[in-house]
Amino acid sequence: MTTQFVARQGDVLLFKVGALPKGAVEVKTKGDVILAHGEVTGHAHRIRREQTEKPSARIFDLGAERYLQITERVALTHEEHSAIFLEAGVYRQAYQHEEKRAEITRVAD
């Protein structure tokens, strides 16, 4: 599977991939697609989603990996960052971590 870096918005890092991997399971969401919540601020990296039969953005999990499937151009927004526009395709979301002495934690907004 080919991977290409596409975008970074705060602690959200996206790589474009060729296709959803086998075994990926859709995460059912109500309303907007949230890629990450800010534990400190309560803000969110989100793709606003209209309530339609065929949503333009869907999330899939495969173990510890998360994938985003986009069917038409969408905006990834956040209260403290500029919007990023994503074209149709499949993206793998990478989680960034920070090391604090002996402790390794996921980056939080």
Side-chain angles (χ1 to χ4, degrees):
M1 177 184 331
T2 59
T3 302
Q4 176 185 4
F5 169 74
V6 174
R8 178 175 181 221
Q9 185 186 66
D11 57 343
V12 171
L13 183 62
L14 298 173
F15 293 89
K16 193 162 190 178
V17 297
L20 280 171
K22 290 184 180 184
V25 177
E26 184 174 1
V27 177
K28 298 292 183 182
T29 60
K30 292 182 181 179
D32 297 343
V33 171
I34 307 295
L35 297 183
H37 286 282
E39 292 86 2
V40 177
T41 63
H43 297 163
H45 299 272
R46 77 178 64 236
I47 296 170
R48 299 212 183 273
R49 186 164 79 175
E50 302 297 324
Q51 296 300 323
T52 63
E53 282 188 35
K54 292 187 176 182
S56 56
R58 296 164 49 199
I59 294 177
F60 293 81
D61 278 345
L62 180 63
E65 294 184 332
R66 174 167 278 185
Y67 292 85
L68 177 65
Q69 184 179 52
I70 305 292
T71 57
E72 62 187 21
R73 190 172 195 248
V74 296
L76 175 60
T77 63
H78 186 277
E79 292 86 339
E80 296 174 341
H81 302 286
S82 297
I84 294 174
F85 293 91
L86 301 171
E87 301 299 329
V90 178
Y91 300 84
R92 181 176 59 84
Q93 181 178 351
Y95 294 101
Q96 299 181 78
H97 296 85
E98 59 187 14
E99 190 174 334
K100 295 179 182 175
R101 297 188 185 152
E103 181 181 347
I104 297 175
T105 59
R106 225 157 128 188
V107 174
D109 262 348

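Fair warning: this is a prediction, and the values are worked out from it, not measured in the lab.
Partner of L35 under the side-chain contact (heavy atoms from CB on, under 4.5 Å) criterion, chosen from R46, H78, Q93: Q93.
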Listing, residues 17-25 side-chain donor-acceptor contacts under 3.5 Å, not counting sequence neighbours, or none:
none

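Using a 4.5 Å heavy-atom cutoff, the side chains of V74 and F85 are not in contact. Side chains of L68 and R58 form no contact here, defined as non-hydrogen atoms less than 4.5 Å apart. Side-chain contact check for I47 versus I34: every heavy-atom pair is 4.5 Å or farther apart. A heavy-atom distance below 4.5 Å is not found between the side chains of V12 and I84. Put simply, the side chain of K16 does not reach to within 4.5 Å of the side chain of V90, judged on heavy atoms. Looking at Q69 and F60, their side chains come closer than 4.5 Å, going by heavy atoms from C-beta outward.
For the residue pair A83 and T77, the shortest heavy atom distance occurs at CB-CG2, 4.2 Å.
Residues that satisfy the side chain to side chain donor-acceptor pair (under 3.5 Å) test with E65, not counting sequence neighbours, are Y67. Residues satisfying the side-chain contact (heavy atoms from CB on, under 4.5 Å) test with A88, not counting sequence neighbours, are none. Partners of E87 under the side chain to side chain donor-acceptor pair (under 3.5 Å) rule, at least two apart in sequence or in another chain, are R73. Residues satisfying the side-chain contact (heavy atoms from CB on, under 4.5 Å) test with E79, not counting sequence neighbours, are H43.
The CD atom of E72 sits 12.5 Å away from the CG atom of L86 when rounded to the nearest 0.5 Å.
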query = Does the pair L14 and R92 meet the rule for a side chain to side chain contact (heavy atoms under 4.5 Å, CB included), with working shown?
reply = CA-CA 6 Å; L14 298 173; R92 181 176 59 84; over 6 Å; no
